[in-house]
Asker: 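Attaching a single structure in structure tokens format; questions to follow.
Numbers restart at 1 for each chain; the letters A, B, ... are given by sequence-line order, proteins then strands. All figures in this text were calculated on a predicted structure; none of them were measured in a lab.
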Amino acid sequence: MPYTSNDIKRVEEKWQKYWSEKKIFRSAMDAGKQKYYVLEMFPYPSGKIHMGHVRNYTIADVIARYKMMNGFNVLHPMGYDAFGQPAENAAIKRGVSPSDWTYKCIDDMREGLKRMGFSYDWGRELATCDASYYKWNQWIFLKMFERGLAYKKSSSVNWCPSCETTLANEEVINGQCWRCKNEVVQKDLDQWYLKITHYSESLLEDLKKLNNWPSRVIAMQENWIGKSYGCDIYFKIKNHNDTITVFTTRPDTIFGATYVTLAPEHPLVKKISKGTPHEKSVLAFIEKAANTAKSLRMSGEERKEGVFTGAYAVNPVNGEEIPVWIGDYVLMEYGTGAIMAVPTHDQRDFEFARQHKLLMRVVIKDPANPNATPDTMAKAFEDAGVLVNSKQFDGTSNEEAKKKISDWMTAQKIGKGSVHWRLRDWLISRQRYWGTPIPMIYCKTCGVVPVPENHLPVELPKNAPITGEGGSPLAKVKEFVNVKCPKCGKDARRETDTMATFFDSSWYFLRYTSAHNSKEIFDVKEAAYWMPVNQYIGGIEHAILHLLYSRFFTKFLKDLKLISASEPFDRLLTQGMVLKDGEVMSKSKGNVVDPDEVIGKFGADTLRMFILFAAPPEDQLEWNPAGLEGNWRFVNRVWNAVEFRYTRGAAAQGPMDEQDKKLELERNAAIKRVTESMEGGFKFNTAISGIMVLMNAIDKYQPNPGDARKAALLDKAIETTVLLLAPFIPHVAEELWQMMGKKDASVAFIAWPQFDEAALVTDTVRIAAQVNGKVRGEFVVPRDADEAVLRPIVLADEGVQRHVAGKEIKKFIVVKNKLVSIVV
RNA sequence: GGGCAAGUGGUGGAAUGGUAUACACGAAGGACUUAAAAUCCUUUGGUCGAAAGGCCUUGAGGGUUCAACUCCCUCCUUGCCCACCA
């Protein structure tokens with residue numbers, strides 16, 4: 001019988017049961033074996049697995065199984081990123097507890113994963129919402145607090161007035177709250193931050209070590225960290241004792257600075273406008289800016305709003321008194337929250353100056369338009385040129401002037417070369433319930449007191465009212481909030497905010513190395529053995545946040561001397577999206593294909609194979625039901641070959657004929673192709689096509705029945721096919737391996753086939769002959785033939801002669817075993 | 001505005017300086033069958049031609065080379081990410 005839909009269920013369940021009962025994928029530290037840690041980004045347990053999970057985890061599973069067959073000690077764990085808002089939404093909508101809802105989802109998810117036949121070490125399964133896990137979040141937080149890397153500060157955050165809670169930037173959609181659609185505003189709140197900027201330099205520098213990360217992820221992180229070199233310049237304020245420090249990357253344009261602009265939130269704004277006729281409009285502008293959503297303010301609106309403060313600043317290079325404005329295009333979070341405006345050489349300043357009729361002065365000559373004046377300029381000139389109107393620096397090229405002016409200002413103490421970063425500290429406070437409680441206590445006597453380590457974990461109370469209104473649910477639980485101060489024993493209050501869930505996922509890869517350690521965050525020896533993750537696989541959407549935070553935590557834990565790796569992930573593969581009809585599969589678009597349905601019809605193996613074959617792993621993948629059926633047919637062809645053509649005959653010797661040699665050649669070539677596709681960056685699509693080519697050769701090989709020698713050769717080719725397929729279609733491969741009468745319990749740990757280079761060397765080769773770059777003939781010639789041998793053969797050819805006859809042969813180029821190229 | 005990818009048959013894709021279109025899907029024709037499904041065989045980049053064969057073809061244009069999908073320059077298009085970042 002061929003492999004039928006009845007067999008699918010029987011075979012897949014049989015082997016899933018076998019793997020699970022025998023625990024064959026349990027991994028243990030073994031100093032004598034080379035380790036390989038393969039990891040996929042763990043899922044948020046939202047229900048059943050979807051096609052995106054299937055793709056991500058299939059890629060990881062094939063890598064894990066391939067490495068097992070290659071003799072590595074493989075660690076391949078799975079867990080759940082289980083804290084987060086959907087659980088609270090479920091609580092609000094359906095009245096279930098976030099905990100019950102989450103654990104139910106985890107059960108569904110686990111079942112889905114098992115149906116795919118993934119080779120996980122289930123003994124290391126973890127969920128971040130377990131107190132046994134988040135206890136160590138709290139521990140890390142305390143360690144950071146001890147070292148000044150976790151701190152509390154007041155700053156402006158996204159606030160939804162209707163939901164009465166802060167929102168992460170990603171929860172603000174077009175300036176509106178993602179849940180209630182109300183306009184989000186900025187609010188000053190006292191919040192916990194992690195000092196990721198402590199590691200700015202090494203986070204940037206170490207990107208250079210990540211040679212096996214996609215270049216665009218590197219580029220995105222570089223952008224995000226955003227190191228920029230420039231100059232701080234000090235502007236004294238007229239009639240005040242205060243100085244405004246501006247940051248600029250263009251010190252070469254300092255002589256063209258005709259006004260200064262402050263961010264509305266700049267601490268000097270209120271002071272310097274006080275008592276001037278402009279005070280009222282300044283206050284009104286600050287108010288307006290505060291009530292405008294940050295995302296809206298930063299959305300790149302063309303119009304630049306601003307008002308005059310009534311104060312003047314002194315340009316330190318020429319003593320000019322220039323007006324101080326505030327403008328909504330200046331951001332308090334970047335640089336110093338103040339800029340010197342050079343409208344002629346910065347497009348934003350240009351627009352602002354035009355709108356508010358401010359003075360402009362050209363200080364760099366545009367080579368293409370040397371007579372340009374502020375009146376004739378249509379836009380700012382931002383390119384390279386020579387300085388004018390810049391006193392002793394006139395005539396200097398602006399690139400040279402950047403350094404010269406910076407050095408000169410430093411010497412004069414009116415400025416200083418400086419570096420600014422775009423990266424900001426990470427706000428981790430959330431007024432949410434379903435997250436890790438921040439282990440801090442507020443005491444009227446002692447101030448902010450950390451929870452002592454031996455009191456951890458600070459457990460999440462089960463009975464918090466979750467309504468989505470009225471602020472943090474934990475604040476409403478008296479038994480939780482009220483606590484004795486660990487220092488003085490007097491009444492105190494607990495912190496009621498929880499941690500952002502990205503905290504949880506920033507170190508889970510370390511916890512897997514000893515997932516059940518109740519004494520320490522992880523076993524140092526285990527972590528030393530398994531880390532770093534050799535191959536990490538996940539979506540590009542985590543290119544910045546999760547991957548940057550994980551790098552930050554790794555560097556911090558290295559500083560604690562808990563690990564020696566300075567980077568967590570050696571190789572990174574970002575898998576592409578799964579599309580249907582050209583659009584990403586999503587519930588809202590109604591174009592999802594349920595993996596369960598596909599498994600029911602074709603089996604997990606066919607699904608795995610299709611998803612790997614249809615596109616390279618990094619590319620988008622278009623769902624194609626016909627392609628899926630094609631892969632189903634292929635699995636069947638292999639099954640039939642084992643069932644009907646495999647003889648289990650004894651090995652028989654004898655000289656090989658041409659047909660035999662061809663089969664052996666194809667067998668060895670297939671091993672080579674597949675192995676190279678795997679080693680050269682996991683090109684599963686070409687690996688599978690390589691196996692298909694071998695299968696085609698097997699089908700063509702039709703020896704006479706009863707020829708024992710040829711039967712043995714055929715058996716060998718079929719065995720190779722099954723072994724090469726084992727990482728891709730593990731259930732069927734196990735079944736076939738057993739059908740072939742192999743005594744080994746599981747094909748999962750059979751050695752990956754090796755090819756014989758000698759079998760790939762043939763006596764003759766097929767070469768092409770080109771005349772003036774065009775192919776004019778094909779020849780079968782002895783291997784390694786040189787010009788002396790080839791010249792007469794090629795020139796005798798009618799097709800070649802047609803293009804050579806009567807012309808002088810200028811060159812005769814031989815590329816051994818590939819082609820000859822004749823130039824006439 | 002900045003950055004990063006990518007552009008190859010009807011479709012997914014292969015080929016990283018050496019015979020473009022491997023492998024698969026789809027399509028057409030055929031075998032088997034009462035019939036269908038399944039399976040197997042043949043054909044399948046375009047164009048001219050009865051054929052032999054010619055010409056064209058990897059987003060467009062140029063360049064380097066005996067030889068370019070591949071390297072260089074200019075441009076176009078699409079996708080993704082970042083962005084009033086001073």
Asker: Among A86(B), G79(B), C82(B), which nucleotide sits nearest the side chain of Gln620(A)?
Answerer: G79(B)
Asker: Assign Arg802(A) to base, sugar-phosphate, or nothing according to its heavy-atom contacts below 4.0 angstrom with the strands shown.
Answerer: sugar-phosphate
Asker: Would you measure the distance from the P atom in C23(B) across to the matching atom in U77(B) and give it in whole Å?
Answerer: 37 Å
Asker: List the atom of Val732(A), the atom of Asp605(A), and the distance in Å for their closest heavy-atom pair.
Answerer: N-OD2, 2.8 Å
Asker: When you check the gap from the basic side-chain N to the acidic O, do Arg250(A) and Asp346(A) get nearer than 4.0 Å?
Answerer: no
Asker: Taking only N/O atoms, report every protein-nucleotides 65-70 of chain B pair under 3.5 Å with atom names and distance.
Answerer:
from, atom 1, to, atom 2, distance (Å)
C66(B), OP1, Lys811(A), NZ, 2.8
C66(B), O2, Ser821(A), OG, 2.8

Asker: Compare the minimum distances between each of C80(B), C82(B), A86(B) and the side chain of Arg216(A), then state the nucleotide with the smallest one.
Answerer: C80(B)
Asker: Scan Gly630(A) against the nucleic acid and name what it touches under 4.0 Å (heavy atoms): base, sugar-phosphate only, or nothing.
Answerer: sugar-phosphate
Asker: How far does the P atom of A15(B) sit from the matching atom of A6(B), given to the nearest Å?
Answerer: 13 Å
Asker: Is there a side chain to side chain contact (heavy atoms under 4.5 Å, CB included) between Val693(A) and Arg673(A)? Walk through the geometry before answering.
Answerer: CA-CA 10 Å; Val693(A) 172; Arg673(A) 264 197 307 269; 3.4 Å; yes
Asker: Classify the nucleic acid contact of Pro616(A) as base, sugar-phosphate or nothing, counting any heavy atom under 4.0 Å across all strands shown.
Answerer: sugar-phosphate
Asker: Which part of the nucleic acid, if any, lies within reach of Glu778(A) when heavy atoms closer than 4.0 Å are counted: base, sugar-phosphate only, or nothing?
Answerer: base
Asker: Report yes if a side-chain nitrogen or oxygen of Arg422(A) is closer than 4.0 Å to either non-bridging phosphate oxygen (OP1 or OP2) of A83(B); otherwise report no.
Answerer: yes
Asker: Run the side chain to side chain contact (heavy atoms under 4.5 Å, CB included) test against Glu201(A) and tell me which residues pass, sequence neighbours left out.
Answerer: Lys227(A), Trp421(A)
Asker: For Leu358(A), is there any backbone N or O sitting under 3.5 Å from a side-chain donor or acceptor partner on His356(A)?
Answerer: no
Asker: By side chain to side chain contact (heavy atoms under 4.5 Å, CB included), which residues pair with Glu798(A), not counting sequence neighbours?
Answerer: Arg802(A)
Asker: Closest nucleotide of RNA chain B for Val693(A) versus for Asp349(A): which of these residues is on the 5' side?
Answerer: Val693(A)
Asker: Applying side chain to side chain contact (heavy atoms under 4.5 Å, CB included), can you list everything that pairs with Thr249(A), at least two apart in sequence or on another chain?
Answerer: Ser228(A), Phe247(A)
Asker: For the C1' atoms, the ones on G12(B) and on C55(B), what distance do you get once it is rounded to whole angstrom?
Answerer: 30 Å
Asker: Just the rounded figure in Å: distance from P of A5(B) to CE of Met220(A).
Answerer: 12 Å
Asker: Using the salt bridge (Lys or Arg N to Asp or Glu O under 4.0 Å) rule, collect all pairs that involve residues 770-779 of chain A, keeping only residues at least two apart or in two chains.
Answerer: Arg766(A)-Glu778(A)
Asker: Using a cut-off of strictly less than 4.0 Å, decide whether Ser215(A) has a side-chain nitrogen or oxygen near OP1 or OP2 of A5(B).
Answerer: yes
Asker: Report the residues that fulfil ring pair (Phe, Tyr, Trp, His ring centres under 6.0 Å) with Trp623(A), sequence neighbours left out, ordered by chain and then residue number.
Answerer: Phe610(A)
Asker: Look at all strands and tell whether Phe634(A) reaches a base, only sugar-phosphate, or nothing, counting heavy atoms closer than 4.0 Å.
Answerer: nothing
Asker: Suppose we define a pair by two distances each less than 3.5 Å, Watson-Crick or G-U wobble; what does A27(B) pair with here?
Answerer: U43(B)
Asker: Partner of G18(B) by Watson-Crick or G-U wobble geometry, both contacts under 3.5 Å, or none?
Answerer: C66(B)
Asker: I'd like the P distance from C84(B) over to A60(B), given in whole Å.
Answerer: 37 Å
Asker: Heavy-atom contacts under 4.0 Å between residues 678-686 of chain A and RNA chain B, which residues?
Answerer: Asn685(A), Thr686(A)
Asker: Can you tell me the distance, in whole Å, between the CD atom of Glu618(A) and the P atom of G12(B)?
Answerer: 18 Å
Asker: With under 30° as parallel and over 60° as perpendicular, where do the rings of His546(A) and Tyr536(A) fit, or are they tilted in between?
Answerer: tilted
Asker: Nearest 0.5 Å, please: how far is CG in Asp349(A) from OG1 in Thr258(A)?
Answerer: 8.0 Å
Asker: Which atoms of nucleotides 55-57 of chain B (N or O only) lie under 3.5 Å from a protein N or O atom, and what are those distances?
Answerer:
from, atom 1, to, atom 2, distance (Å)
C55(B), OP1, Arg776(A), NH2, 3.4
C55(B), OP2, Arg776(A), NH1, 3.1
C56(B), OP2, Lys774(A), NZ, 2.6

Asker: Considering only G3(B), G18(B), G12(B), which nucleotide approaches the side chain of Ala219(A) most closely?
Answerer: G3(B)
Asker: Please name the nucleotide paired to G79(B) by Watson-Crick or G-U wobble geometry with both distances under 3.5 Å, or report none.
Answerer: C4(B)
Asker: Please give the nucleotide sitting opposite A60(B) as a Watson-Crick or G-U wobble pair, both distances under 3.5 Å, or none.
Answerer: U74(B)
Asker: Quick one: Leu628(A) CG to U11(B) P, roughly how many Å, whole number?
Answerer: 21 Å
Asker: Consider the side chain of Phe613(A), meaning its heavy atoms from C-beta on, and name the nucleotide among C23(B), C84(B), A83(B) that approaches it most closely.
Answerer: C23(B)
Asker: Sticking with atom P, work out how far A31(B) lies from C25(B), rounded to a whole angstrom.
Answerer: 22 Å
Asker: How would you list, by chain and number, every residue that makes a side chain to side chain contact (heavy atoms under 4.5 Å, CB included) with Gln575(A), sequence neighbours excluded?
Answerer: Arg55(A), Asn56(A), Ile59(A), Ile537(A), Leu573(A)
Asker: Nearest to the Val775(A) side chain among A86(B), A20(B), C84(B), which nucleotide is it?
Answerer: A20(B)
Asker: On a whole-Å scale, what distance lies between the P atoms belonging to A27(B) and U11(B)?
Answerer: 15 Å
Asker: Across all strands shown, which nucleotide pairs with A35(B) by Watson-Crick or G-U wobble geometry, both distances under 3.5 Å?
Answerer: none
Asker: Can you tell me, in whole Å, how much space there is between the P of G53(B) and that of A14(B)?
Answerer: 32 Å
Asker: Starting at the 5' end of RNA chain B and moving along, which residue's nearest nucleotide shows up first, Val820(A) or Ser689(A)?
Answerer: Val820(A)
Asker: Can you name the salt bridge (charged side-chain N to carboxylate O under 4.0 Å, His left out) partners of Glu808(A), sequence neighbours left out?
Answerer: none
Asker: Please list, for nucleotides 36-47 of chain B, all pairs of protein and nucleotide N/O atoms separated by less than 3.5 Å.
Answerer:
none

Asker: Answer yes or no: does atom CE of Met577(A) have more than 12 heavy-atom neighbours from other residues, nucleotides or ligands under 6.0 Å?
Answerer: no
Asker: With syn defined as a glycosidic torsion within 90 degrees of 0 and anti otherwise, which applies to G54(B)?
Answerer: anti
Asker: Got a second to check how far Asp383(A)'s CG is from His345(A)'s NE2, nearest 0.5 Å?
Answerer: 11.0 Å
Asker: Find the distance between CZ (Phe602(A)) and CG (Asn631(A)) and round it off to the nearest 0.5 Å.
Answerer: 10.0 Å
Asker: If we take the C1' atom in both G10(B) and C48(B), what is their distance in whole Å?
Answerer: 22 Å
Asker: Sequence neighbours excluded and cut-off under 3.5 Å, please list the side-chain donor-acceptor pairs for residues 814-824 of chain A, or say none.
Answerer:
from, atom 1, to, atom 2, distance (Å)
Asn817(A), OD1, Asp784(A), N, 2.8
Asn817(A), ND2, Asp784(A), OD1, 2.9

